[in-house]
Amino acid sequence: MSVNESQIIVLSIYTILFICIVTFFEMRLNYIHRRHIEKLWPIGEDGLKIIDQKLKIIVRVVFILLYILSVVTIFTFL
């Protein structure tokens with residue numbers, strides 16, 4: 001299957017928008033994490049760091065899967 005010019009344009013626009021959305025959610029996740037740290041400091045800081053790392057990994061995997069699924073869908077319709 002060859003990729004034509006319109007597919008490349010649509011895919012690049014979609015990729016840029018997707019990166020903007022993921023960046024927004026990463027910033028939001030960091031903001032929420034800082035607020036929880038402030039509430040629980042100094043008692044729960046280490047526990048929150050461990051939970052935060054696991055949550056970030058899960059969120060990134062979900063976004064990667066969503067991106068792959070959506071790109072496959074876009075190529076199917078184009």
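Sorted by first and then second residue, the side chain to side chain donor-acceptor pair (under 3.5 Å) pairs with a member in residues 60-69 read T15-Y67, E26-R60; sequence neighbours excluded.
When all heavy atoms are compared, the tightest approach of S6 to N4 is OG-OD1, 3.0 Å. The shortest heavy-atom contact between T73 and L69 is OG1-O, 2.8 Å.
With sequence neighbours excluded, the residues satisfying side-chain contact (heavy atoms from CB on, under 4.5 Å) with L17 are I13.
Rounded to the nearest 0.5 angstrom, C20 SG and F25 CZ are separated by 12.5 Å. Here NZ of K54 is found 8.5 Å from CD1 of I58. Values are rounded to the nearest 0.5 Å. Here the CZ-CD1 distance, from F63 to I21, works out to 8.0 Å after rounding to the nearest 0.5 Å.
If you chain together hydrophobic residues whose side chains sit under 4.5 Å apart, I8 and L11 fall into the same group. By the rule that hydrophobic residues join a cluster once side-chain heavy atoms approach within less than 4.5 Å of another member, V22 and I64 end up as members of separate clusters. When hydrophobic clusters are built by joining Ile, Leu, Val, Met, Phe, Trp and Tyr residues whose side-chain heavy atoms come closer than 4.5 Å, directly or via intermediates, F18 is grouped together with F24. In the hydrophobic cluster analysis, where Ile, Leu, Val, Met, Phe, Trp and Tyr join through side-chain heavy atoms closer than 4.5 angstrom, L66 is grouped together with L55.
With a 4.5 Å cut-off on side-chain heavy atoms, I74 and Y14 count as touching.
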